Every structure is written in C-alpha cells, then in structure tokens.
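As the structure is a computational prediction, the values presented were derived from the model and not from experiment.
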Amino acid sequence: MPQILYNKSRLFYRVIGRGSRPMLAFHGYGQSSAYYEPMEQALGNDYTIYAFDLFFHGNSDLHKNYLPLTKEYLAGMILHFLEKEGIENFALMGFSMGGKFALSLVEQMPERVQELYLIAPDGIKTSFWYNIATYPGWMQQLFKRTVLKPNLFFKLLDALHKYNMVHKSLIRFARYQMDSTEKRLRVYRSWIGFRELSFDIRKIVKLLNKYNVPVTMFLGEYDQIIESKRVGVFVKSLDQGELIILKTGHSHLLQDVAAMLHQKRISEV
C-alpha cells in the first residue's frame, strides 16, 4: 500500500478503480480502507478512489506529538497527499466515523470539493454516549479504566438490555466493539484521538451551498447508531442535497450502498 509521511505520522491508502475523477474515501470505526473495495464495481469506471486507513486502524500511525488529531493537522496531511498524487479537486466519501474526516475537509478546503457522499455519517449529530466518553475529566478517566476492567461496563449493558432502555442492536454493537482489550483500547484511542473533529453544522451547510457542492446521504432504515431523524434535517438545509434510505442497518451499510450503486450503473448501461 502507498503511504505519505507527514511530520512523523504515516497515512496509508489504497487506490481503487481507474476513473478520471478522484475521490477521497474514509471508512468507519473498526474497519480499514479494504472496506471500500466493493466500490470498484460501482464507481471504479468513473472514479479513482483513494481510500485511507484511519489512525488507530489499519496501518496508519499518528505520531503522539500530534494527539489529539486536529482539523488543521489533517488538512495539512491531505494537502501533502494531494500534491504527491497531482490532484487539484476531488469528491469525498465518508462512512460512519469517516464522516468526521470528510466534514473536516469540507470545512478546511471547501473550494476543492466537487461532490460529497455521506453514508450514515458521524459528526453531524453526535451521540450522548460519545460526548460522555470524550469529555475531559473524571468520566474520561473512568472510561480509560474500562479498557482494562470492563466488568462494570458489561453489567451496565445487561441492565440496559433487561429494562429495554437501549435498542438491542446498539447493545450488540457495543458488546462486539468492547469484547477484547485490543478492541477496547482502539475505542478509547479513537474517541480520545478524534475528539477535536467536531463542527458547527450551520457553517458546513453554508460552505456546501456557497460552493454548490452536491451532497448525497445514504442512511439505513434500521440503523440505531446514526438515525435518519437525527441527520435528515442537515440534508433538507442543502441547496443540492439528496437523501437515500436503504432497508438495512448500520454495520453493512457501506457494502449495501456499493451494491445499490453497482446495480444502478448496470441499469443505466
């Protein structure tokens, strides 16, 4: 895999497709750039997709001197990448956590963004539990201890499930992402490392409208992590916004979007 080195940090990426239009793609939590490979059949004739391994995932490495990741540092790294690849303007795609990275680039270099595809994106409406885990102070230290001693966390999940306080799909998601020390450490590092990737969504809307950026958002009808009612207002505020809802949940949404786009391409031939 190719990589760029920027101020002692390394950003790995894979190149998917052979189209004339460059697209920068950012995956979701617990994934890697490989999750974008199904997009080759869907978009590979029109786009060359540069799918990145996010930090704390895949091979990419964020130097400790630049923790937490700032939007300015991310923009500097991407500018270095664009210069290396000879790219001027580009499309963006972000799934789940990757939505934060896509929105960061919209904020930092909106004049270079030609299209924006958001798939159940984080960053528009942040969940209560995310805020609790990343808020400085004693709650953050409590979550850090959970990495090594998760029993209390799992007891909390059991109680939430018993009294139907949280949808069962969220319980399954939390259990899967926290069922080993390695996974819990990745959760902690990601949530803390990316805590500065937050946005004034009204500003994002103004930038997208100012630069006439078409936005397509894909959501899952059964997604309990990024719910349509929480982010649908964002699309309605855009001059060029389209909302597509698929009959699926969160975990497989990226693959389902790829399948839908592939089928659409076939039907148009």
Side-chain angles (χ1 to χ4, degrees), residues 1-14 23-36 50-85 87 90 92-110 112-113 116 118-127 129-137 139-141 143-144 147 177 182-201 203-204 207 225-226 254:
M1 287 177 61
Q3 63 171 300
I4 59 170
L5 183 64
Y6 181 78
N7 290 349
K8 300 181 180 180
S9 296
R10 294 183 303 159
L11 186 64
F12 284 79
Y13 59 96
R14 68 182 67 222
M23 173 184 284
L24 312 189
F26 303 92
H27 62 77
Y29 179 80
Q31 300 179 349
S32 73
S33 57
Y35 274 72
Y36 273 101
Y50 300 89
F52 297 91
D53 278 354
L54 300 187
F55 301 114
F56 318 115
H57 297 70
N59 297 309
S60 294
D61 177 53
L62 180 63
H63 194 273
K64 63 181 181 180
N65 289 347
Y66 302 100
L67 278 169
L69 176 67
T70 66
K71 291 178 282 188
E72 293 76 16
Y73 186 81
L74 174 62
M77 179 170 277
I78 294 300
L79 285 171
H80 185 60
F81 159 80
L82 295 173
E83 183 178 356
K84 173 191 173 184
E85 293 289 348
I87 297 172
F90 50 86
L92 284 171
M93 181 176 283
F95 168 56
S96 194
M97 183 177 70
K100 285 178 169 285
F101 288 76
L103 292 172
S104 290
L105 297 184
V106 169
E107 184 180 274
Q108 296 295 309
M109 51 186 84
R112 302 183 72 165
V113 179
L116 176 61
L118 295 172
I119 305 173
D122 191 10
I124 294 176
K125 186 68 174 180
T126 305
S127 73
W129 295 108
Y130 185 96
N131 286 330
I132 289 293
T134 57
Y135 193 83
M139 283 302 295
Q140 184 173 313
Q141 293 303 314
F143 188 79
K144 187 175 182 179
V147 172
Q177 299 297 352
E182 181 182 2
K183 287 183 179 180
R184 291 192 294 273
L185 189 58
R186 183 173 61 192
V187 169
Y188 179 75
R189 287 173 173 168
S190 297
W191 285 5
I192 301 305
F194 302 148
R195 69 176 183 265
E196 294 195 9
L197 301 185
S198 60
F199 313 93
D200 180 342
I201 295 302
K203 177 182 176 181
I204 296 292
L207 288 171
I225 297 173
I226 306 293
L254 181 57

Mind listing the closest non-hydrogen atom pair of [X] and [Y] along with its distance?
{"X": "His57", "Y": "Gly30", "answer": "NE2-N, 2.9 Å"}
{"X": "Gln31", "Y": "Gly28", "answer": "OE1-N, 3.1 Å"}
{"X": "Ala102", "Y": "Leu92", "answer": "O-CD1, 3.5 Å"}
{"X": "Leu79", "Y": "Arg112", "answer": "CD2-NH1, 3.3 Å"}
{"X": "Ala75", "Y": "Met109", "answer": "O-CE, 3.8 Å"}
{"X": "Met93", "Y": "Ile119", "answer": "SD-CD1, 4.0 Å"}

Report task. Indicate, with yes or no, if the rings of Phe95 and Tyr35 have centres closer together than 6.0 Å. Result -> no

Query raised in the report: When the ring centroid of Phe52 is compared with that of Phe101, is the distance short of 6.0 Å?
Result: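 No; Phe101 has its ring centre 6.0 Å or more from that of Phe52.
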
Enter the distance from [X]:[atom1] to [Y]:[atom2] here, rounded to the nearest 0.5 Å.
{"X": "Ser198", "Y": "Lys100", "atom1": "OG", "atom2": "NZ", "answer": "6.5 Å"}
{"X": "Phe55", "Y": "Met77", "atom1": "CZ", "atom2": "CE", "answer": "4.0 Å"}
{"X": "Leu197", "Y": "Leu103", "atom1": "CG", "atom2": "CG", "answer": "9.5 Å"}
{"X": "Ser9", "Y": "Gln3", "atom1": "OG", "atom2": "CD", "answer": "11.5 Å"}
{"X": "Ser32", "Y": "Arg14", "atom1": "OG", "atom2": "CZ", "answer": "5.5 Å"}
{"X": "Leu69", "Y": "Leu74", "atom1": "CG", "atom2": "CG", "answer": "5.5 Å"}

Query raised in the report: Do the side chain of His27 and the main chain of Ala34 share a donor and acceptor less than 3.5 angstrom apart?
Result: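 Checking the backbone N and O of Ala34 against the side chain of His27, no donor-acceptor pair under 3.5 Å is found.
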
**Report entry** Positive for ring pair (Phe, Tyr, Trp, His ring centres under 6.0 Å) with Phe56, one of Trp191, Phe194, Tyr188
**Finding:** Phe194

In the structure I gave you, are the side-chain heavy atoms of [X] and [Y] within less than 4.5 Å of one another anywhere?
{"X": "Leu11", "Y": "His80", "result": "no"}
{"X": "Leu24", "Y": "Tyr13", "result": "no"}
{"X": "Ile124", "Y": "Ile204", "result": "no"}
{"X": "Ile87", "Y": "Tyr50", "result": "yes"}
{"X": "Lys71", "Y": "Phe199", "result": "yes"}
{"X": "Gln108", "Y": "Ile78", "result": "no"}
{"X": "Met1", "Y": "Ser33", "result": "yes"}

Query raised in the report: Distance under 6.0 Å and angle within 45° of the ring axis: does Arg186 meet both against Tyr29?
Result: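 Verdict for Tyr29: a cation-pi partner in Arg186.
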
Could you go through residues 58-65 and list every donor-acceptor pair under 3.5 Å that involves a side-chain atom there, pairing it with any protein atom two or more places apart or in another chain?
from  : atom 1 : to    : atom 2 : distance (Å)
Ser60 : OG     : Phe12 : N      : 3.0
Ser60 : OG     : Asp53 : O      : 2.5
His63 : ND1    : Asn65 : N      : 3.1

Requested in this report: For Glu85, enumerate each residue passing the salt bridge (charged side-chain N to carboxylate O under 4.0 Å, His left out) test, keeping only those at least two apart in sequence or located in another chain.
Outcome: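 So Glu85 forms no salt bridge (charged side-chain N to carboxylate O under 4.0 Å, His left out) with any residue.
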
Query - Flag if over 12 foreign heavy atoms under 6.0 Å of NZ, Lys8 - result: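 For Lys8, atom NZ is not crowded (no more than 12 foreign heavy atoms under 6.0 Å).
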
